[in-house]
S.K.: 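Let me begin by handing over the structure; questions about it come next.
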Amino acid sequence: MTAPPNPIVIVTGGATLLGAGVIEALRARGALVTVADIDEAAGSALAAADPGVEFARTDVTDDAQLERLVTGVVERHGRLDGLVNLACSYGDQGADTSREEWLGTLDVNLVGAVRASVIARPHLAASGAGAIVNITSISSKVAQLGRWVYPASKAALVQVTRNLALDFASDGIRVNSVSPGWTWSAVMNQLSGGSVEKTDRVAAPFHVLGRVGRPVEVGNVVAFLLSPE
């Protein structure tokens with residue numbers, strides 16, 4: 001399997017700190033990236049800063065918008081080689097989470113990733129080097145006090161990744177997931193008042209590196225999994 005010279009990749013939820021790290025790693029390997037997100041300001045800023053990045057406002061809970069996203073990328077570039085399902089909701093009040101919030105979080109974190117993958121499938125198959133990476137979390141297998149919905153959604157996505165890998169294999173599409181531990185993100189930025197140093201100090205006792213992960217480190221793993229390597 002040979003990688004195209006400039007892989008065409010969609011990153012849902014790319015207008016985030018973690019998304020920016022994934023995009024940085026993909027761009028370093030020559031990929032042309034379309035950011036699909038509901039955050040127009042952040043998405044547009046990423047596109048304005050790099051001619052190899054496009055932005056398409058997309059709500060992953062809306063199949064029509066996902067169809068437009070994928071069709072638009074294929075029309076502009078002639079193909080689609082990779083999909084990164086990074087879009088995520090942290091809506092989770094533990095035992096106090098309402099049914100509406102349960103369904104809303106699952107719709108983004110689980111169903112959105114599944115529907116994006118199904119819609120992208122024929123184009124990834126046509127690529128000859130198609131691959132999908134689902135961003136899950138260490139929360140998929142570690143219980144956390146007061147958090148129910150987010151861990152459940154990520155655990156479900158890990159299992160769905162296995163099913164997608166089996167069912168899409170006949171089309172030559174590889175499907176993997178990445179489950180990061182604590183990684184510098186919008187949530188940590190908010191909780192720490194924008195201090196990576198403070199976040200590292202809190203994380204140090206729980207991590208052998210003595211710090212949280214950096215978004216581009218996750219991005220490097222994603223880029224590897226999207227490649228034929």
Side-chain angles (χ1 to χ4, degrees), residues 2-60 62 65-89 108 112-113 116-117 119-120 123-124 126-136 174 176-178 180 183-190 194-196 199 212-229:
T2 303
N6 296 107
I8 308 302
V9 181
I10 291 172
V11 180
T12 72
T16 58
L17 288 174
L18 181 55
V22 171
I23 292 164
E24 179 183 345
L26 290 172
R27 289 290 295 130
R29 291 160 176 79
L32 302 177
V33 180
T34 296
V35 176
D37 205 296
I38 59 174
D39 188 337
E40 293 191 46
S44 298
L46 285 170
D50 186 339
V53 177
E54 301 173 339
F55 173 66
R57 189 192 186 284
T58 308
D59 182 345
V60 298
D62 185 325
Q65 291 188 39
L66 287 172
E67 292 276 7
R68 284 197 298 272
L69 165 69
V70 172
T71 299
V73 168
V74 173
E75 287 178 348
R76 289 191 299 275
H77 298 286
R79 67 180 196 275
L80 176 64
D81 304 304
L83 170 66
V84 181
N85 286 308
L86 193 152
C88 181
S89 168
V108 174
S117 299
I119 290 167
H123 304 288
L124 294 172
S127 160
I132 298 170
V133 176
N134 294 323
I135 304 298
T136 55
R174 293 171 295 105
N176 288 282
S177 67
V178 175
T183 305
W184 180 247
S185 62
V187 171
M188 291 188 174
N189 183 52
Q190 180 181 4
S195 173
V196 177
T199 305
V212 296
R214 302 300 191 251
V216 73
E217 294 173 328
V218 177
N220 288 333
V221 177
V222 172
F224 169 75
L225 290 172
L226 286 179
S227 79
E229 296 175 19

S.K.: Atom CD1 of residue position Ile119 - does it have more than 12 heavy atoms of other residues, nucleotides or ligands inside 6.0 Å?
M.R.: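 For Ile119, atom CD1 is crowded (more than 12 foreign heavy atoms under 6.0 Å).
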
S.K.: Spell out, as yes or no, whether a donor-acceptor pair under 3.5 Å connects the side chain of Thr58 to the backbone of Asp37.
M.R.: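 Side chain of Thr58 to backbone of Asp37: no pair is present.
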
S.K.: Give every residue pair that meets the salt bridge (charged side-chain N to carboxylate O under 4.0 Å, His left out) criterion with at least one member in residues 38-55, sequence neighbours excluded.
M.R.: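 Every salt bridge (charged side-chain N to carboxylate O under 4.0 Å, His left out) pair that includes a residue of residues 38-55, provided the two are not neighbours, is Arg27-Asp50, Glu40-Arg57, Glu54-Arg76.
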
S.K.: Taking all atoms of both residues into account, what is the closest heavy-atom pair of Ala120 and Val70, and its distance?
M.R.: CA-CG1, 4.3 Å

S.K.: Examine distances only and state if a side-chain atom of Asp81 and a backbone atom of Ile8 form a donor-acceptor pair shorter than 3.5 Å.
M.R.: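 Judged by distance alone, yes, a pair lies under 3.5 Å.
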
S.K.: Between Trp184 and Pro215, what is the shortest heavy-atom contact and its length?
M.R.: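 Residues Trp184 and Pro215, closest heavy atoms: O-CG, 3.3 Å.
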
S.K.: Under 4.5 Å between any side-chain heavy atoms of Asn85 and Val60, yes or no?
M.R.: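 Of all side-chain heavy-atom pairs linking Val60 with Asn85, none is under 4.5 Å.
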
S.K.: Is a side-chain N or O of Arg174 found less than 3.5 angstrom from the main chain of Leu225, in a donor-acceptor match?
M.R.: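 Such a contact is found between Arg174 side chain and Leu225 backbone.
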
S.K.: Which atom names give the shortest non-hydrogen contact between Leu66 and Ala116, and what distance separates them?
M.R.: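 Result for this residue pair: CD1-N, 3.9 Å.
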
S.K.: Between Val133 and Leu86, does the side-chain contact (heavy atoms from CB on, under 4.5 Å) criterion hold? Intermediate values first, please.
M.R.: CA-CA 9 Å; Val133 176; Leu86 193 152; over 6 Å; no

S.K.: Please find the pair of heavy atoms, one from Asn6 and one from Gly30, that lie closest to each other, and give the distance.
M.R.: ND2-O, 2.9 Å

S.K.: What verdict does the side-chain contact (heavy atoms from CB on, under 4.5 Å) test give for Glu217 and Val212, after you've listed the backbone C-alpha separation in whole Å, the side-chain angles of each residue and the deciding distance to 0.1 Å?
M.R.: CA-CA 10 Å; Glu217 294 173 328; Val212 296; over 6 Å; no

S.K.: With Leu83 as reference, evaluate Val9, Val11, Thr12 under the side chain to side chain contact (heavy atoms under 4.5 Å, CB included) test and give the passing residue.
M.R.: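 Between Leu83 and the candidates, side chain to side chain contact (heavy atoms under 4.5 Å, CB included) is satisfied uniquely by Thr12.
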
S.K.: What side-chain donor-acceptor pairs closer than 3.5 Å can you find for residues 14-25, not counting sequence neighbours?
M.R.:
residue: Thr16; atom: OG1; partner: Gly13; partner atom: O; Å: 3.0
residue: Thr16; atom: OG1; partner: Gly19; partner atom: N; Å: 2.9

S.K.: Quick check for you: to the nearest 0.5 Å, what is the distance between Leu124 atom CG and Leu80 atom CG?
M.R.: 4.5 Å

S.K.: Given 3.5 Å as the limit, does a donor-acceptor pair link the side chain of Thr183 with the main chain of Arg214, or not?
M.R.: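 A pair under 3.5 Å: no.
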
S.K.: So, Ser127 side chain and His123 main chain: donor-acceptor pair closer than 3.5 Å or not?
M.R.: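 A pair under 3.5 Å: no.
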
